[in-house]
2 protein chains.
Amino acid sequence: MATKKITSLEVAKLAGVSQSAVSRVFTPGASVSKKTNEKVRKASSKLGYRPNILARSLITGKSRIIGLVVAHLDNYFYPEALELLSNALQKKGYHVLVFMVAKTAGNIDDIVDEILDYQVDGIILASVSMSSNLASRCTAAGVPVILFNRTQDDDRLSVVTSDNFLGGKQVAQFLIAGGHKRIAYIAGWEGASTQRDRESGFVDELKKQGRSLYTREVGNFIQDDARQAARKMFTNDEIPDAVFVASDDMAFAVMDVIRFELGLKIPEHVSVVGYDDVPIASWPAYDLTTIRQPANRMVAETVSIILESIEDQDTKPRRIQIDGPLIMRGSTRISSNASGENE
Amino acid sequence: MATKKITSLEVAKLAGVSQSAVSRVFTPGASVSKKTNEKVRKASSKLGYRPNILARSLITGKSRIIGLVVAHLDNYFYPEALELLSNALQKKGYHVLVFMVAKTAGNIDDIVDEILDYQVDGIILASVSMSSNLASRCTAAGVPVILFNRTQDDDRLSVVTSDNFLGGKQVAQFLIAGGHKRIAYIAGWEGASTQRDRESGFVDELKKQGRSLYTREVGNFIQDDARQAARKMFTNDEIPDAVFVASDDMAFAVMDVIRFELGLKIPEHVSVVGYDDVPIASWPAYDLTTIRQPANRMVAETVSIILESIEDQDTKPRRIQIDGPLIMRGSTRISSNASGENE
DNA sequence: TAATTATTTGCATTCGTATGCAAAAAATAT
DNA sequence: ATATTTTTTGCATACGAATGCAAATAATTA
């Protein structure tokens, strides 16, 4: 009921000093004598005073809020990243304001406007891209923008991804080395750079080794779509003997279809490879061979870039690619006659 | 570089009106003539003006920010809830500021202090509880607090949970009806009210039907611990023929141990029941019988309570229990000779 | 048309904190 | 003890928008 807010002025009165003195006590690096400091601290804790971050932001121009836009919280890679991100930023005195966006990402721009309304110090777009026009707006407002797990050709934006092209390539090499002949691909949402890069790395390498895709379907990074894609792909006369699925999340759905709907065995009848290495991939029920996206390192880079950009407005946007290893597990077979296929 | 902020004053100048006029145009329900409205809108969009939420908050005392404290983003129930929550609040013009807290929840109080610094309009604690002292602070500050999926005896706090006691009871009834004789339980973290309620509902019903727990281990709502618990539980001479695991998340780990480490069959050798009904539970690889926690309804209640409390400071805290059904799937057997066991 | 009422508008102040500047106090040097 | 330098302090103002109040304008009525 009694909604009373303790302000610096009241603390000042109790401590017998000026409001500025109180402010200085709570401003690191300001000039305050030991005695004043003590008086103020005492009065503050007596009244339960804490500085109002919003009022402070108004004058400093820094809110210590980072806006985060996420679409796919259902793909476990993102909650994991969010947790790491939030923890890392928290340690630095920042906090994350979350903005969810429809998976069928449309009007990101409106959302970003909302974010800017909060005077955030920086913006992280997880698996989402923004219009060039809006990028200008952010730049003009001095708000650094970082794309996380998504690329875009705009040198005003920083980008942190895994090396998706290399990842795709590694999968191709691995599958060919494993002696697979009919190699298929289930794509993610084709608007996503990660999808495109994974696929072109994959297909490029196949070509380089004189192969080509046996079948291709689209799963849009959505489990239901992936299931559909799998059903279509595996009801032909001659099914693929290996399939690379553009994300672990979809791969699980695909494996379920292969095993429980079609009664096929993994990897005996078909090898499955995913992408991300989310925790579930290592659960024995799936035991999925996959490319690891090192969420921790990606997050660490993201945080360091954003903090640097905030502290020094003149920091140039950076583009970081972190490569992750192929994690070999039981969902893929390794034939013994795998050899001699290097160009 | 050119960090220029457009303020209402600049818009006012361009539009040839006063700053107050601009403010009124952006304040729903304020008195503005059609003509002024047009002039201001025009000038605003020309300059790209948007009101500064922080400055507004300072004077209105409302930030349109909701603080959310989460611990277990690795249990899929929470990302799901977060997504629903954020979406629902977004629709109402609110946004979620996320605070992660260690799973071994200790100093929640410090975190809540940080939250209050942001002048949030409300606080949601997901699976986390707070000291009574701090509850007073929040009440005094006029900030409503809602516990999500966790109870606590404090009538200043609102609480939204599923009916965990009833859930536990349902599981007991179901397992007994299924003809199980040696019924075990793997507990969550014992500091959690959800854990306690699930267990007491479960054990109470067993007793009522003249049974008792065959074995009990603790999994702390952590997969690794659950695995350990399962190993211990299933290496005795006579293993349980049914086990109720306090969360789906742990149940998956337990199932993996049972099947892949111990080579037992589910449900032939042992039935497994979980709690939450996260999406993975319905994946055929697990096909887990479980109690559904209706995240959508829980979130809807949470949002409606928090908004109501914000709009009307005199709203009394509420305690909502939403009951969820038992979802019968393939991880439990239903024996035919299940009968005559009522007291 | 004049008188009365309803709407708009601008002025000035407020929210809570930070900070440039000049005065005061303390510390140091001469 | 005095002069000089350094540190601390308070005053006053600024941040950007919202709002009570009174003046100005428009709409309504007689």
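First the proteins, then the strands, lettered A, B, ... as listed; each starts at 1.
Whole-Å rounding puts the B/Lys62 NZ to C/dC15 C1' distance at 14 Å. If you measure from atom NZ of A/Lys13 to atom C1' of D/dT9, you get 19 Å, rounded to the nearest angstrom. The NZ-C1' distance, from B/Lys34 to C/dT9, rounds to 19 Å in whole Å.
Here B/Arg41 pairs with nothing under the salt bridge (charged side-chain N to carboxylate O under 4.0 Å, His left out) rule; sequence neighbours left out. Among residues two or more places apart in sequence or in another chain, the ring-ring contact (aromatic ring centres under 6.0 Å, His included) test is passed with B/Tyr94 by none. Considering only residues two or more places apart in sequence or on other chains, B/Phe99 meets the ring-ring contact (aromatic ring centres under 6.0 Å, His included) condition with A/His95. In this structure, the salt bridge (charged side-chain N to carboxylate O under 4.0 Å, His left out) partners of A/Arg318, at least two apart in sequence or on a different chain, are A/Glu308. Among residues two or more places apart in sequence or in another chain, the side-chain contact (heavy atoms from CB on, under 4.5 Å) test is passed with B/Arg156 by B/Ser132, B/Ala135, B/Ser136, B/Thr139, B/Asp154. Legend: residues meeting side-chain contact (heavy atoms from CB on, under 4.5 Å) with A/Pro317, ordered by chain and number and at least two apart, are A/Ser158. Judged as a salt bridge (charged side-chain N to carboxylate O under 4.0 Å, His left out), and not counting sequence neighbours, B/Glu38 has no contacts. Applying the salt bridge (charged side-chain N to carboxylate O under 4.0 Å, His left out) rule to A/Arg137 yields the partners A/Asp113; only residues at least two apart in sequence or on another chain are considered.
The shortest heavy-atom contact between B/Thr315 and B/Ser309 is OG1-CA, 3.8 Å. Contact record, B/Val40 with B/Val11: O-CG1, 4.1 Å, taken as the closest heavy-atom pair.
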Item to check | Where protein sits on nucleotides 14-29 of chain D, one letter per nucleotide: B base, S sugar-phosphate only, - none, heavy atoms under 4.0 Å | outcome: BBBBBBB---------

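For D/dT7, the OP1/OP2 oxygens have no side-chain nitrogen or oxygen of A/Ser31 closer than 4.0 Å.
Residue B/Ser33 is in sugar-phosphate contact alone, with no base atom involved, counting any heavy-atom pair closer than 4.0 Å across all strands shown.
For the helix from C/dT1-D/dA30 to C/dT30-D/dA1, the angle separating the two terminal helix axes comes to 30°, with each axis derived from five pairs and the value rounded to 10°.
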Pairs under 3.5 Å (N/O, protein and nucleotides 4-6 of chain D):
none

Indicate every side-chain donor-acceptor pair of residues 68-83 of chain B with a distance under 3.5 Å to a residue at least two apart or in another chain.
from    : atom 1 : to       : atom 2 : distance (Å)
B/Asn75 : OD1    : B/Phe77  : N      : 3.0
B/Tyr78 : OH     : B/Ser127 : OG     : 3.3
B/Tyr78 : OH     : B/Asn149 : ND2    : 2.9

